[in-house]
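Have a look at the structure below, then the notes.
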Amino acid sequence: MGNCCSDVGGGMAAVSGATSSAATGNQNDAVDMYLRSHGIHGLFSQIELSFSATSLRDRDVFSKSDPMVVVYIKERDGAINEVFRTEVVLNSLTPTWIAKYTITYHFEVVQNLLFKVFDVDTQYHNVEVKMLKLEEQQSLGEAYCTLSELVTKPNRSLTLDLIRREESVSSTHSQHCGKLTVHAEECFSSKSTADIILRCIDLESKDLFSKSDPFLVISKLVESGTSIPVCKTEVLKNDHNPTWKPVFLNIQQVGSKDSPLVIECFNFNSNGKHDLIGKVQKSLADLEKLHLGREGENLYLPTLVGHNYENKILNSKLLVDKFSETVQHTFLDYLAGGFELNFMVAIDFTASNGNPRLPDSLHYIDPSGRLNAYQKAIYEVGEVLQFYDADKRYPAWGFGARPIDGPVSHCFNLNGSSNYCEVQGIQGIMMAYTSALFNVSLAGPTLFGHVINRASFVACDSLSTGAKKYFALLIITDGVITDLQETKDALVKASDLPLSILIVGVGGADFKEMEILDAVKGERLESTTGCIASRDIVQFVPFRDLQSGEISMVGALLAELPTQFLTYMRRRDIKPST
């Protein structure tokens with residue numbers, strides 16, 4: 001078997017085919033725990049794109065056009081790479097293509113897609129599409145969108161106007177180039193998950209001076225007869241009658257409810273050479289029957305008799321204490337159901353940032369247009385989240401400054417209004433930020449509690465109205481906070497709300513305390529009154545560590561946001577509308 005569990009506590013639930021979706025301590029999503037144990041973060045979903053068009057231009061003389069779609073990815077550096085071609089549909093101005101393009105959706109990245117439609121000349125109809133030279137075909141137009149735009153549409157369909165490149169500088173509206181419709185489907189046909197609690201009785205001892213340390217490995221059998229592990233339980237020390245924590249098996253990932261599974265019980269050894277105590281072969285349907293009949297199944301142990309192995313039936317039994325099926329909705333299901341991610345921002349205006357009028361200030365506005373660290377964080381995070389917020393009206397606050405003729409404020413409206421805090425669009429945040437620099441005096445100290453409580457109030461108010469909203473507060477700061485316990489108290493309260501906190505540290509300060517808030521060691525935050533945060537809602541990224549370009553600041557910051565979103569929804573049994 002080899003080293004199945006890396007340590008005594010190494011059986012961190014199951015491996016399934018679901019998308020990343022659970023936070024630390026959430027027993028409702030085994031796959032995310034597996035991904036986290038392997039250092040994998042972020043949401044990765046396979047999306048299948050299909051294409052159709054209407055009113056294409058007729059470029060042929062004696063027949064209609066013979067169109068083909070070519071898909072390109074536009075990289076952040078401007079490079080455009082071809083990734084896919086459909087088949088050629090003959091003699092049609094309203095084609096529906098059969099070939100579909102599968103792309104991996106990354107929530108934390110803006111994925112720019114370019115679609116070009118070509119009329120393939122008759123003389124090339126017998127040539128494989130991948131061998132066609134596009135410069136020899138006639139352009140019927142092109143269209144552009146982001147994958148985020150597409151997946152946030154309620155029906156996941158987007159109809160785009162086709163334009164021709166040579167016409168884009170002049171009057172494109174007077175030319176009838178037709179329309180291209182792109183439809184997205186998540187490649188996850190079965191979201192049904194079996195929730196199972198297994199236990200054994202009368203296990204045989206494999207250790208000389210103590211009881212066994214048992215754990216289970218569940219494997220699926222493939223056609224070749226090979227078993228592929230899909231799930232393992234935790235190790236229970238010194239227990240001959242163990243009951244393990246629930247395991248979660250995605251039914252599609254194991255094949256079907258009738259697909260054979262091998263359940264093996266091992267005795268853990270720290271050297272990795274685990275002893276097989278016994279095994280059974282059962283399908284999910286069989287396990288469900290065992291649960292309903294409240295019966296146990298005897299384990300067997302392959303034993304060498306002569307030159308052949310025979311199955312020795314043991315007194316040890318496997319029992320199924322729980323078997324239920326649930327539907328695990330994905331992040332994209334919630335988007336399709338009308339849920340939104342609403343962006344909020346809070347900016348540090350404390351004096352430690354330096355005089356905004358001097359070039360060495362973190363708040364310096366460069367006349368050349370070069371963005372400072374605050375502007376970069378606002379723009380890059382906002383660029384991703386804007387697609388998930390329908391009205392694009394963002395609450396924006398500042399903290400740690402003294403407004404004109406006023407006391408130091410630890411949460412003031414960035415737009416200067418005393419009545420409302422929202423601004424329109426990412427550009428609205430940028431303008432309000434720049435304006436605020438000339439209308440407040442930088443002061444201090446650095447306090448987070450006030451802005452977190454203000455964001456919590458917005459989230460709570462939205463929750464009370466039944467709105468389908470989840471909020472993400474971006475805090476950009478240059479300093480060490482001086483209200484650590486107050487901030488913890490605010491975060492513990494906020495953990496029960498549809499809210500996540502994203503913190504970007506700029507400048508050269510020591511940000512060790514931010515790691516405490518981020519719970520990077522898995523320790524939940526505790527309030528003054530002894531209450532424990534119901535979930536981890538903080539993600540912290542030091543801007544200076546990511547400026548090499550090897551790691552995207554926004555990617556590191558946003559990777560866990562869908563996980564936190566799903567944790568909140570699932571713990572409250574909130575389902576997307578169908």
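A donor-acceptor pair under 3.5 Å links the side-chain atoms of S361 to the main chain of N353, judged by distance alone. Checked by atom type and distance alone, the side chain of N372 pairs as donor or acceptor with a backbone atom of Y364 at under 3.5 Å. The backbone N or O of Y420 sits less than 3.5 Å from a side-chain atom of N413, completing a donor-acceptor pair. Remark: side-chain polar atoms of Y334 are paired, donor with acceptor, to backbone N or O of I574 under 3.5 angstrom. Side chain of E75 to backbone of N81: no donor-acceptor contact under 3.5 angstrom is found. For the pair D573 (side chain) and K575 (backbone), a donor-acceptor distance under 3.5 Å is absent. No side-chain donor-acceptor contact under 3.5 Å links R57 to the backbone of S139. Remark: the backbone N or O of L114 is not paired with any side-chain donor or acceptor of K74 at under 3.5 angstrom. With hydrogens and angles ignored, the 3.5 Å screen pairs a side-chain donor or acceptor of R535 with a backbone N or O of S495. Under a 3.5 Å cut-off, the side chain of Q386 and the backbone N or O of E383 do form a donor-acceptor pair.
With rounding to the nearest 0.5 Å, the separation of CD in Q564 from CG in L558 is 10.0 Å. Note that the CG atom of L362 and the CG atom of N355 stand 12.0 Å from one another [nearest 0.5 Å]. The CD1 atom of I80 sits 11.5 Å away from the CG atom of L113 when rounded to the nearest 0.5 Å. Taken to the nearest 0.5 Å, the CD atom of E82 stands 12.0 Å off from the NZ atom of K130. How far CD of E380 is from CZ of F543: 6.0 Å, rounded to the nearest 0.5 Å. The CG atom of N415 sits 11.0 Å away from atom CD1 of I429, with the distance rounded to the nearest 0.5 Å.
I537 has its side chain out of reach of L497: every pair of non-hydrogen atoms, C-beta onward, lies at least 4.5 Å apart. Looking at heavy atoms from C-beta onward, V480 lies out of side-chain contact with T446 at the 4.5 angstrom threshold. Contact annotation: the side chain of V129 never approaches that of T86 to less than 4.5 Å [non-hydrogen atoms, C-beta and beyond]. The shortest side-chain heavy-atom distance between N342 and V458 does not fall under the 4.5 Å cut-off. Side chains of K153 and L158 form a contact here, defined as non-hydrogen atoms less than 4.5 Å apart. Here the side chains of S417 and E422 are not in contact, with every heavy-atom distance at 4.5 Å or above. Two residues are said to be in side-chain contact when any heavy atoms from C-beta on lie closer than 4.5 Å; L134 and K116 fail this criterion. Side-chain atoms of F540 and L517, non-hydrogen and from C-beta on, never get closer than 4.5 Å to each other.
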Could you go through the side chain to side chain contact (heavy atoms under 4.5 Å, CB included) check for L132 and F118 one step at a time?
CA-CA 11 Å; L132 291 172; F118 292 91; over 6 Å; no
Stepwise, does the side chain to side chain donor-acceptor pair (under 3.5 Å) test hold for T563 with E560?
CA-CA 5 Å; T563 289; E560 296 195 30; over 6 Å; no
Apply side chain to side chain contact (heavy atoms under 4.5 Å, CB included) to residues I73 and I103 and explain how you reach the verdict.
CA-CA 10 Å; I73 298 291; I103 181 173; 3.9 Å; yes
The test is salt bridge (Lys or Arg N to Asp or Glu O under 4.0 Å); show your working for D496 and R571 and say whether it passes.
CA-CA 10 Å; D496 289 323; R571 286 191 171 180; over 6 Å; no
Check step by step if side chain to side chain donor-acceptor pair (under 3.5 Å) holds for S500 and Y470.
CA-CA 8 Å; S500 287; Y470 188 93; 2.7 Å; yes
Candidate pair M514 and I481, rule side chain to side chain contact (heavy atoms under 4.5 Å, CB included), full reasoning
CA-CA 8 Å; M514 299 302 180; I481 58 174; 3.9 Å; yes
Could you go step by step and tell me if D518 and D536 meet the side chain to side chain contact (heavy atoms under 4.5 Å, CB included) rule?
CA-CA 7 Å; D518 195 359; D536 176 22; 4.2 Å; yes
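Aromatic ring centres of F412 and F349 lie closer together than 6.0 Å. A distance below 6.0 Å separates the ring centres of F107 and Y388. Ring-centre distance between F331 and F565: below the 6.0 Å cut-off.
Classification of the F448-F399 ring pair by plane angle, with boundaries at 30° and 60°, yields perpendicular. Using a 30° and 60° split on the angle between ring planes, Y394 and F343 fall in the perpendicular class, above 60°.
Using modelled atom types, one finds a donor on one side chain and an acceptor on the other under 3.5 Å when comparing T529 with S527. If you check the side chains of T104 and Q46, you find a donor sitting under 3.5 Å from an acceptor.
The pair K469-D461 does not count as a salt bridge, with every side-chain nitrogen at least 4.0 angstrom from each carboxylate oxygen. At a threshold of 4.0 Å, the pair R156-D333 counts as salt-bridged, since one of the basic side-chain nitrogens sits closer than that to a carboxylate oxygen.
Other residues, nucleotides and ligands place no more than 12 heavy atoms under 6.0 Å from the CE atom of M431. In Y379, the OH atom is not crowded: 12 or fewer heavy atoms of neighbouring residues, nucleotides or ligands sit closer than 6.0 Å. Around atom OH of Y144, more than 12 heavy atoms belonging to other residues, nucleotides or ligands sit under 6.0 Å away. More than 12 heavy atoms of other residues, nucleotides or ligands shown are found within 6.0 angstrom of NZ on K100. For K493, the NZ atom sits in a loose shell: 12 or fewer heavy atoms of surrounding residues, nucleotides or ligands are nearer than 6.0 Å. Atom CZ of R357 has 12 or fewer heavy atoms from other residues, nucleotides or ligands within 6.0 Å.
Tested against W397 for a side-chain contact (heavy atoms from CB on, under 4.5 Å), the candidates I475, L473, I347 yield a single pass: L473.
Nearest approach of L385 to A472, heavy atoms of both residues: CD1-CB, 4.1 Å. The two residues V408 and G400 make their nearest non-hydrogen contact at CG1-C, 4.3 Å. Annotation for S148 and V109: closest pair OG-O, 4.2 Å, computed over non-hydrogen atoms. Across all their heavy atoms, P67 and V117 have their closest contact at CB-CG1, 4.0 Å. Contact between I501 and L491 at its shortest, heavy atoms only, is CG1-CD2, 3.7 Å. Contact between M344 and A455 at its shortest, heavy atoms only, is CE-CB, 3.6 Å.
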